[in-house]
Amino acid sequence: QVQLVESGGGLVQAGGSLRLSCTASGRVFSNLAVAWFRQAPGRQREFVAIISGSGGGTRLAESVEGRFTISRDRANNMAYLQLDSLKPEDTATYYCAAAPYMSVKESDFASWGQGTQVTVSS
């Protein structure tokens with residue numbers, strides 16, 4: 001199992017940007033698909049974005065398409081989520097997770113970080 005640590009969250013005004021980072025330990029990370037999920041207070045955790053092990057395939061939730069970008073640095077065991085044009089409804093705790101294949105289902109991900117808080121003010 002790989003250990004994941006998120007960072008980069010914070011408070012930003014609507015329309016602003018943040019870049020979230022996911023730092024992984026474990027040499028198998030480069031072979032895993034990495035996803036970002038988020039959970040707002042009182043709501044279920046939801047899929048945001050995923051990138052394949054090679055980095056050649058990505059998928060984003062419709063709600064963030066065109067505003068968020070997922071990427072990874074396989075050599076340094078890092079994954080990123082660039083958040084642009086942020087809206088108040090993007091406020092949530094953001095989690096990175098890893099799985100052996102591309103998926104949007106939480107149950108397919110065995111490795112999770114502790115989360116990083118993103119707060120967007122109006």
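Values below: every heavy atom of this structure, side chains too, minus hydrogens, waters and symmetry copies.
There is no path of hydrophobic side-chain contacts, each under 4.5 Å, that joins Y94 to F109. V64 and V120 fall within a single hydrophobic cluster, where Ile, Leu, Val, Met, Phe, Trp and Tyr are joined by side-chain heavy atoms under 4.5 Å apart, directly or via other members. Using a 4.5 Å cut-off between side-chain heavy atoms of Ile, Leu, Val, Met, Phe, Trp and Tyr, with links allowed through other members, I50 and L20 fall into different hydrophobic clusters. Hydrophobic clustering keeps Y80 apart from V12 (ILVMFWY residues linked when any side-chain heavy atoms are closer than 4.5 Å, directly or through intermediates). Follow the hydrophobic side-chain contacts under 4.5 Å out from M102 and you never reach W36; the two are in separate clusters.
Between the SG atom of C22 and the CG atom of L4 there is a distance of 4.5 Å, given to the nearest 0.5 Å. Rounding to the nearest 0.5 angstrom, the gap separating the OG atom in S122 from the CD atom in Q13 is 9.5 Å. Rounding to the nearest 0.5 Å gives a distance of 9.5 Å between CD of Q117 and CG of L11. Interatomic distance, OG1 of T69 versus CG of L60, reported as 7.0 Å (0.5 Å rounding). Interatomic distance, N76 CG to R74 CZ, rounded to the nearest 0.5 Å: 12.0 Å. Considering CG of L83 and CD1 of I70, their distance stands at 10.5 Å, rounded to 0.5 Å.
With contacts defined as side-chain heavy-atom distances shorter than 4.5 Å, the pair L18/F68 does not qualify. With a 4.5 Å cut-off on side-chain heavy atoms, E106 and Y95 do not count as touching.
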**Prompt:** What do the steps show when you test M78 against S21 for side chain to side chain contact (heavy atoms under 4.5 Å, CB included), and what is the final call?
**Reply:** CA-CA 7 Å; M78 298 287 294; S21 298; 3.9 Å; yes
**Request:** With side chain to side chain contact (heavy atoms under 4.5 Å, CB included) as the test, would you mind laying out the steps for R38 and V118 before giving the verdict?
**Result:** CA-CA 9 Å; R38 67 185 181 185; V118 172; over 6 Å; no
**Message:** Pair S17, D84 - check side chain to side chain contact (heavy atoms under 4.5 Å, CB included), show working.
**Reply:** CA-CA 4 Å; S17 297; D84 295 318; 2.7 Å; yes
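Of all the heavy atoms in S103 and F47, the pair that sits closest is O-CE1, 4.2 Å. Scanning all heavy atoms of the two residues, the minimum distance from F37 to V104 falls at CE2-O, 3.7 Å. Counting all heavy atoms, side chain and backbone alike, A98 lies closest to L32 at CB-CD1, 3.8 Å. When every heavy atom of S30 is checked against every heavy atom of N77, the shortest pair comes out as N-OD1, 4.4 Å.
Proximity of a side-chain donor or acceptor of E6 to a complementary backbone N or O of T116 within less than 3.5 Å is not detected. A donor-acceptor distance shorter than 3.5 angstrom exists from the side chain of R67 to the backbone of S85, with no hydrogens or angles considered.
Residue R59 places its CZ atom among 12 or fewer non-hydrogen atoms of other residues, nucleotides or ligands, all under 6.0 Å distant. Residue-environment remark: CD (E65) exceeds the threshold of 12 foreign heavy atoms within 6.0 Å. Atom CD of Q114 has more than 12 neighbouring heavy atoms from other residues, nucleotides or ligands inside a 6.0 Å radius.
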